[in-house]
Amino acid sequence: MLFILFSACQKKGIYQTDQVTDWVQLQPGKTITYRMDSTNYTYFGLYTTVTTYTVQDVVDTTFMDNLNRPTWRVIRYITDSTQTQPWQNLETYTVTPTIQTLEVDENNLRYIKLSLPFTDGFNWQGNSYIGTSQDNNLDLSYLAGWNYYYDSIGASYNVIAGTIPNTLIVRQADDYGGDSSDISSPSYRNYSIEVYAKGVGLIYKDFLHWFYQPPNNTNPAGYKTGYGIRLNMIGHN
C-alpha cells in the first residue's frame, strides 16, 4: 500500500492507493497463458482473417535499464491453438515498475500501462513516450493522444480461466472516423482496452487498428490495412 501526499487549495492530505506492482507478477518463472486471436487483412486488404494461437508469457530475469532502473525481461512463446506443436519464441518485452507507473517496452515502443493513483476515472497519456510521426516508413500516428483511464476497479471479470476477482479495466482508445458502411469514403477504427487482476497481471487485452481506403484505380475494390490482437487468459501459476 502506498500513501501519496497531495496539496490543493492550500489544504494537504494523504491519498491511499495500491502500488503498481500489486497488479503484476514480477518473479522469475511466473507465467500467464492466453488464447490469442490475431486479426489481419489479407489478399491485398480485401478479407479479414482471424487466426487463433496459444501464447505464454514467462517472466525471465531482471536487469538495469539505460536509466539505471530495475527492469524485468518477459519472453512470449507461441504454439497452435491445440498446443500440439512445439513452443516457439515469439518476442521479448520488458516491464519497468516505478513508484508512479508501470512501463512496458514492446517492439521498441514504450507504453505507460498503469499509473497512480488507482481510482475510477483517473487518466494519463499512456503513449506519451512514443514518437507518433511517420518514421522509417512506420506510421504510428494512430497512437497519438491516447488518453488512458481506469474503469470498474475492484470488479470481477470473466475470461477463459473463469471469473477473476479484484480487477481493473484500462480503457486506452475508442476512436473511429468516417462511415464504415459507406465503401466510397475512407474510414478508420482504433480500439484498445486491457484488464488487469490484482496479484496476477494482464488477464485480457483487446486491440484493433484499421484504416479503410475506398476504391481507386489501383485498388478498384477498396481495401483495409491494420491489425488486431485479443488476449484472453487461460491460466497462470
Side-chain angles (χ1 to χ4, degrees), residues 20-43 45 47-63 71-97 102-111 113-114 126 143 148 152 155-173 189-210 224-237:
V20 293
T21 50
D22 293 335
W23 292 85
V24 288
Q25 292 189 105
L26 295 177
Q27 301 173 40
K30 286 295 184 180
T31 67
I32 303 181
T33 305
Y34 306 96
R35 166 177 163 158
M36 181 175 78
D37 298 320
S38 176
T39 299
N40 291 282
Y41 300 99
T42 57
Y43 197 70
Y47 300 108
T48 301
T49 302
V50 179
T51 308
T52 299
Y53 305 92
T54 304
V55 297
Q56 185 175 79
D57 289 5
V58 181
V59 180
D60 181 30
T61 188
T62 186
F63 63 96
T71 295
W72 289 88
R73 180 181 295 112
V74 181
I75 302 172
R76 176 167 290 172
Y77 297 94
I78 187 170
T79 184
D80 64 294
S81 60
T82 61
Q83 302 183 45
T84 56
Q85 298 299 314
W87 289 90
Q88 299 181 8
N89 190 322
L90 178 63
E91 63 174 320
T92 298
Y93 64 91
T94 63
V95 180
T96 304
L102 186 79
E103 299 178 8
V104 174
D105 193 304
E106 298 179 88
N107 299 314
N108 295 316
L109 301 177
R110 184 157 51 119
Y111 302 87
K113 296 291 190 174
L114 301 174
L143 295 173
Y148 292 26
S152 304
S156 298
Y157 199 88
N158 294 322
V159 293
I160 293 172
T163 301
I164 310 300
N166 207 357
T167 71
L168 62 80
I169 299 173
V170 183
R171 299 197 181 276
Q172 300 171 338
R189 181 77 167 109
N190 295 315
Y191 177 78
S192 186
I193 70 164
E194 293 184 344
V195 183
Y196 292 80
K198 196 170 186 178
V200 178
L202 180 71
I203 63 169
Y204 184 82
K205 174 186 178 76
D206 193 1
F207 170 91
L208 182 65
H209 160 67
W210 56 258
K224 275 184 178 179
T225 58
Y227 68 103
I229 292 176
R230 179 176 293 153
L231 298 175
N232 194 323
M233 187 179 76
I234 298 171
H236 68 93
N237 67 3

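As the structure is a prediction and not an experimental result, all values here were calculated from the model.
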### Query
Are Leu168 and Leu114 side-chain neighbours, meaning at least one heavy-atom pair lies under 4.5 Å?
yes
### Query
Taking only residues two or more places apart in sequence, or in another chain, which ones meet Gln56 in a side-chain hydrogen bond (donor to acceptor under 3.5 Å, both in side chains)?
Thr33
### Message
Can you confirm whether the side chains of Ser38 and Asn40 place a donor and an acceptor under 3.5 Å from each other?
### Response
yes
### Summary
dist Thr225:OG1 -> Trp210:CH2 (nearest 0.5 Å) comes out at 10.0 Å
### Query
Taking only residues two or more places apart in sequence, or in another chain, which ones meet Tyr34 in a ring-ring contact (aromatic ring centres under 6.0 Å, His included)?
none
### Message
Can you tell me how far apart OH (Tyr53) and CE (Met36) are? Round to the nearest 0.5 Å.
### Response
6.5 Å
### Task
Would you indicate whether the side-chain heavy atoms of Val59 and Gln27 approach each other to under 4.5 Å?
no
### Nearest heavy atoms of Gly226 and Tyr41, plus distance in Å
O-CD1, 3.4 Å
### Query
Can you find a heavy atom in the side chain of Trp87 that is under 4.5 Å from one in the side chain of Thr54?
yes
### Heavy-atom donor-acceptor pair, Thr39 side chain to Val50 backbone, under 3.5 Å
no
### Message
Quick check: do Glu91 and Asn107 have side-chain heavy atoms less than 4.5 Å from each other?
### Response
yes
### Summary
Exactly one of Ile229, Ile234, Ile78 clears side-chain contact (heavy atoms from CB on, under 4.5 Å) with Val55, and that residue is Ile78
### Task
List in chain and number order the residues that pass side chain to side chain contact (heavy atoms under 4.5 Å, CB included) with Thr71, two or more places apart in sequence or in another chain; answer none if no residue qualifies.
Phe63, Asp65, Thr94, Thr96
Sequence neighbours left out, cut at 3.5 Å: what donor-acceptor pairs do the side chains of residues 156-166 make with other protein atoms?
| from | atom 1 | to | atom 2 | distance (Å) |
| --- | --- | --- | --- | --- |
| Asn158 | OD1 | Thr163 | OG1 | 2.6 |

### Message
Ring-plane angle category for His209 and Tyr227, please: parallel below 30°, perpendicular beyond 60°, tilted otherwise.
### Response
perpendicular
### Sub-4.5 Å side-chain heavy-atom contact between Leu202 and Lys113
no
### Message
Applying salt bridge (Lys or Arg N to Asp or Glu O under 4.0 Å) as the test, list every pair that has at least one member in residues 51-60; sequence neighbours left out.
### Response
Asp57-Arg76, Asp60-Arg73
### Task
Could you tell me whether the side chain of Leu102 reaches within less than 4.5 Å of the side chain of Trp23, counting heavy atoms only?
no
### Task
Output all residues satisfying side chain to side chain contact (heavy atoms under 4.5 Å, CB included) with Asp206, sequence neighbours left out; order by chain, then residue number.
Tyr191, Ile193, Tyr204, Arg230
### Message
Does any part of the side chain of Leu26, heavy atoms only, come nearer than 4.5 Å to the side chain of Pro97, both counted from C-beta?
### Response
yes
### Message
Are the side chains of Tyr111 and Gln172 in contact, using a 4.5 Å heavy-atom criterion?
### Response
no
### Query
Between atom NZ of Lys224 and atom OG1 of Thr48, what is the distance when rounded to the nearest 0.5 Å?
5.0 Å
### Query
Do the side chain of Asp37 and the main chain of Asn232 share a donor and acceptor less than 3.5 angstrom apart?
no
### Message
Which heavy atom of Pro86 sits nearest to which heavy atom of Thr79, and what is that distance?
### Response
O-OG1, 3.9 Å
### Query
Would you say the side-chain atoms of Asp80 and Thr82 include a donor-acceptor pair closer than 3.5 Å?
yes
